[in-house]
Amino acid sequence: MDFEWDEKKAEVNIKRHSVSFADAEETFDDLDSVEFFDKDHSDNENRFNRLGLTQKGLLFIVYTVFDSENDEIIRIISARKATKKEIEIYNEFNR
């Protein structure tokens with residue numbers, strides 16, 4: 001699995017949310033992560049929301065997946081620390 005993102009968007013994300021897209025990659029290592037299809041924002045591409053634990057804590061990320069010849073490429077769109085409600089959702093799924 002490979003990751004990619006827009007560098008300018010990544011810089012803005014760090015300034016806005018204090019979370020790097022490299023931090024967001026760690027959510028894919030969390031075997032207890034929670035993932036949802038984002039129907040409301042999937043007009044042009046299939047987007048997914050994911051809650052996963054990282055060294056920065058529980059993160060909420062938005063991403064899309066592209067198939068390449070050899071592998072899937074995950075394009076991270078945004079990442080931030082999870083809200084109280086999102087933490088509750090994560091905990092509910094992992095009881």
Side-chain angles (χ1 to χ4, degrees):
M1 178 172 9
D2 293 319
F3 295 90
E4 70 175 29
W5 51 77
D6 179 282
E7 290 297 332
K8 288 184 181 181
K9 191 167 179 88
E11 290 175 21
V12 170
N13 199 84
I14 290 172
K15 289 177 185 173
R16 185 175 292 154
H17 301 293
S18 301
V19 175
S20 73
F21 287 173
D23 295 329
E25 282 185 44
E26 292 179 37
T27 65
F28 290 87
D29 295 331
D30 179 7
L31 299 178
D32 294 323
S33 64
V34 179
E35 186 172 283
F36 302 94
F37 178 70
D38 187 353
K39 181 179 77 169
D40 294 337
H41 298 101
S42 292
D43 292 336
N44 298 325
E45 62 190 0
N46 288 332
R47 288 192 178 191
F48 301 90
N49 299 328
R50 181 181 195 92
L51 292 166
L53 280 177
T54 70
Q55 291 181 14
K56 290 255 182 171
L58 188 65
L59 298 184
F60 175 89
I61 73 164
V62 177
Y63 71 95
T64 190
V65 179
F66 296 95
D67 291 321
S68 72
E69 291 180 19
N70 301 321
D71 205 359
E72 286 185 337
I73 298 172
I74 295 173
R75 183 170 183 81
I76 298 174
I77 298 166
S78 68
R80 60 173 170 72
K81 293 179 181 172
T83 64
K84 183 178 178 181
K85 178 66 176 169
E86 291 161 348
I87 293 168
E88 290 172 7
I89 291 169
Y90 181 88
N91 290 335
E92 183 70 28
F93 272 85
N94 287 295
R95 283 188 180 194

Check: To the nearest 0.5 Å, what is the distance between CZ (Phe36) and CZ (Phe60)?
Finding: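 Phe36 atom CZ to Phe60 atom CZ measures 9.0 Å (nearest 0.5 Å).
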Next item on the list: Rounded to the nearest 0.5 Å, what's the gap from CH2 on Trp5 to CD1 on Ile61? Could you check?
Entry: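 That separation rounds to 10.5 Å.
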Next item on the list: Quick one: which residue pairs count as a ring-ring contact (aromatic ring centres under 6.0 Å, His included) with a foot in residues 65-85, not counting sequence neighbours?
Entry: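 Every candidate ring-ring contact (aromatic ring centres under 6.0 Å, His included) pair involving residues 65-85 fails, so no pair, neighbours aside, qualifies.
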Checklist line | With sequence neighbours excluded, residues passing side chain to side chain contact (heavy atoms under 4.5 Å, CB included) with Asp71 | finding: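 Listed in chain order: Asp2, Ser68.
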Margin query: With a 4.5 Å cut-off on side-chain heavy atoms, are Lys9 and Ile77 touching?
Written below: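 Yes, their side chains come closer than 4.5 Å.
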Next item on the list: Mark yes or no for whether Asn94, through its side chain, and Asp32, through its backbone, hold a donor-acceptor pair below 3.5 Å.
Entry: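 Confirmed, Asn94 side chain pairs with Asp32 backbone.
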Next item on the list: Spell out, yes or no, whether Ile73 and Phe3 are grouped together once hydrophobic residues are joined by side-chain heavy atoms under 4.5 Å, including indirect joins.
Entry: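 Shared cluster, no.
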Note to self: Starting from Val65, can I reach Val62 by hopping between I/L/V/M/F/W/Y residues whose side chains sit under 4.5 Å apart?
What the structure shows: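 No.
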Checklist line | Nonpolar side-chain network containing Ile14, other nodes, edges under 4.5 Å | finding: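 Noted: Ile14 shares its cluster with no other residue.
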Checklist line | Linked hydrophobic residues, Val12 as query - side chain contacts closer than 4.5 Å | finding: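 For Val12, no cluster forms, as it stays isolated from other hydrophobic side chains.
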Check: Sequence neighbours excluded, which residues qualify as ring-ring contact (aromatic ring centres under 6.0 Å, His included) partners of Phe48?
Finding: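 Phe48 satisfies ring-ring contact (aromatic ring centres under 6.0 Å, His included) with Phe37, Tyr63 only.
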Heavy-atom pair with the smallest gap, counting every atom of [X] and [Y]:
X: Ile74; Y: Phe28; answer: CD1-CE2, 3.5 Å
X: Ala79; Y: Phe21; answer: N-CE2, 3.8 Å
X: Gly52; Y: Asp30; answer: CA-OD2, 3.4 Å

Margin query: Test: salt bridge (charged side-chain N to carboxylate O under 4.0 Å, His left out). Region: residues 14-29. Which pairs qualify, not counting sequence neighbours?
Written below: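 Pairs touching residues 14-29 that pass the test: Asp23-Lys56.
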Item checked: Listed once per pair and sorted, the salt bridge (charged side-chain N to carboxylate O under 4.0 Å, His left out) pairs that draw on residues 36-52, sequence neighbours left out ->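 Residue pairs passing salt bridge (charged side-chain N to carboxylate O under 4.0 Å, His left out), neighbours aside: Glu35-Arg50, Glu45-Arg47.
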Notebook entry, point to check: Looking at residues at least two apart in the chain, or sitting in another chain, which of them share a side-chain hydrogen bond (donor to acceptor under 3.5 Å, both in side chains) with Asn49?
Noted result: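 With sequence neighbours excluded, Asn49 shows a side-chain hydrogen bond (donor to acceptor under 3.5 Å, both in side chains) to no residue whatsoever.
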Note to self: Using the side chain to side chain contact (heavy atoms under 4.5 Å, CB included) definition, which of the options Val34, Leu58, Leu53, Leu59 pairs with Thr27?
What the structure shows: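 It is Leu59; the other options fail the test.
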Margin query: Applying salt bridge (charged side-chain N to carboxylate O under 4.0 Å, His left out), can you list everything that pairs with Glu7, at least two apart in sequence or on another chain?
Written below: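 Once residues adjacent in sequence are excluded, Glu7 has no partner under the salt bridge (charged side-chain N to carboxylate O under 4.0 Å, His left out) criterion.
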Margin query: Listing request: all side chain to side chain donor-acceptor pair (under 3.5 Å) pairs with a residue in residues 74-83, at least two apart in sequence or in separate chains.
Written below: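 Matches after skipping sequence neighbours: Glu4-Arg75, Arg80-Glu86, Thr83-Glu86.
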